[in-house]
Amino acid sequence: MRIRATVAAVTGALALSALVVPAAQAADSAPSYNAAAAKVLSHTAGKSALKAAAEPADLGVTFSNLKIASAIKVGTTNHVTASVSYTMTYDASYVLGSDDFDNGPFIYKESTGGMLLGQAPASCTSTSATTASCKGLIDVYPAENDLLNVDAGTWKAGALALQYSTGASAETVGLGTTHVQRYSRLTVNASPEPVKKGKTITVTGALTRANWEDHKYHGYTKQSVKLQFRKKSSSTYTTLKTITSDSSGNLKTTTTAKEDGYFRYAFVGTTTTPAVNATGDFVDVQ
């Protein structure tokens with residue numbers, strides 16, 4: 001789920017005045033973690049809002065030891081999840097396992113005000129009287145416009161805790177980083193097939209990546225891509241040359257036919273777009 005807010009900065013505990021649920025009502029119906037967390041975090045999106053909280057906030061909760069994948073690769077339609085683990089330290093203000101309290105991870109990009117969190121709260125296991133080991137998810141729904149193209153790149157990670165009945169909350173930010181990337185595709189076609197030894201082989205292809213705004217794939221332009229070859233009897237590719245994708249993301253080059261084998265293009269990736277290798281195209285050299 002995505003949040004993009006422009007509310008003024010706050011630090012430490014975050015007010016949940018719009019979210020406070022009467023105790024009787026809280027007992028009769030299960031609160032929505034996703035909606036509650038979204039309201040908390042809507043106050044923190046933006047450059048000045050997200051500052052690492054060194055001291056416990058209202059709930060006496062802090063987070064540490066956060067671990068998240070180095071990259072989250074997101075296409076145009078499919079739901080994507082990223083697992084996050086962390087340690088939660090708490091005092092008597094937070095009751096672990098109570099329906100009135102929850103916590104979970106989130107990631108954010110300061111330059112765009114983007115923020116992503118999970119549909120459900122994290123699950124925690126007590127490791128001492130004041131600490132717990134927690135695991136949660138970040139959910140991304142590109143088909144529901146969770147992301148804009150400018151959101152691709154480096155994001156920071158944090159975690160929050162909240163109490164439904166009182167509106168109290170706590171968060172720790174700046175706990176780690178990940179790259180949210182536009183999923184990439186790479187094709188190759190080597191021809192003619194078959195070809196006589198010593199003749200020219202033309203290798204074409206295209207490098208494309210997800211556009212999160214129109215939900216289609218478009219050419220990734222002016223990118224360095226390697227042409228690689230693998231002998232029929234080998235499992236290892238070697239690089240023959242490096243070329244640049246054109247203004248439409250297309251690739252085209254030539255090479256000399258020497259022996260049977262597979263040609264492919266290989267892209268090393270960028271901070272906004274993951275590495276990808278095309279499936280090798282076999283050429284029979286006669």
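- In this structure, Val276 is not a member of the same hydrophobic cluster as Val80, with clusters built from ILVMFWY side-chain heavy atoms closer than 4.5 Å.
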Apply the test side chain to side chain donor-acceptor pair (under 3.5 Å) to residues Thr273 and Gln181: give CA-CA distance (whole Å), side-chain angles for both, the deciding distance (0.1 Å), then the verdict. CA-CA 5 Å; Thr273 309; Gln181 297 180 314; over 6 Å; no
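- When every heavy atom of Lys196 is checked against every heavy atom of Val285, the shortest pair comes out as C-CG1, 4.3 Å.
- Without hydrogens or angle criteria, Lys232 side chain to Phe282 main chain gives no donor-acceptor distance under 3.5 Å.
- In this structure the side chain of Val140 never reaches within 4.5 angstrom of the side chain of Trp212, judged on heavy atoms.
- Counting all heavy atoms, side chain and backbone alike, Ser85 lies closest to Lys135 at CB-CG, 4.2 Å.
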Applying side chain to side chain donor-acceptor pair (under 3.5 Å) to Tyr94 and Asn103, what does each step give before you reach the verdict? CA-CA 10 Å; Tyr94 188 96; Asn103 70 87; 3.1 Å; yes
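- Under 3.5 Å, the side chains of Asp99 and Tyr164 contain no donor-acceptor pair of N or O atoms.
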Go through the steps for Thr172 and Tyr86 under the test side chain to side chain donor-acceptor pair (under 3.5 Å), then give the verdict. CA-CA 11 Å; Thr172 306; Tyr86 52 84; over 6 Å; no
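- Counting non-hydrogen atoms of other residues, nucleotides and ligands closer than 6.0 Å to NZ of Lys252 gives a total of 12 or fewer.
- Judged purely by atom type and a 3.5 angstrom limit, Ser191 has no side-chain atom pairing as donor or acceptor with the backbone of Glu193.
- Considering every non-hydrogen atom in both Leu117 and Ala37, the closest pair reads CD1-CB, 3.4 Å.
- The minimum heavy-atom distance between Arg230 and Ser235, with the atom names listed, is CD-C, 3.5 Å.
- Cluster annotation: Phe267 is not connected to Tyr262 through the hydrophobic network of ILVMFWY side chains, with a link wherever side-chain heavy atoms come within less than 4.5 Å.
- Annotation: Phe229, atom CZ; neighbour count of heavy atoms from other residues, nucleotides and ligands within 6.0 Å is above 12.
- Side-chain atoms of Asn34 and Ser32 form no donor-acceptor pair, as typed in the model, at a separation below 3.5 Å.
- The side-chain heavy atoms of Pro105 and Ile68, taken from C-beta on, include no pair separated by under 4.5 Å.
- At a threshold of 4.5 Å between non-hydrogen side-chain atoms, the residues Asp139 and Asp146 do not count as touching.
- Remark: the backbone N or O of Thr221 is paired with a side-chain donor or acceptor of Gln223 at under 3.5 angstrom.
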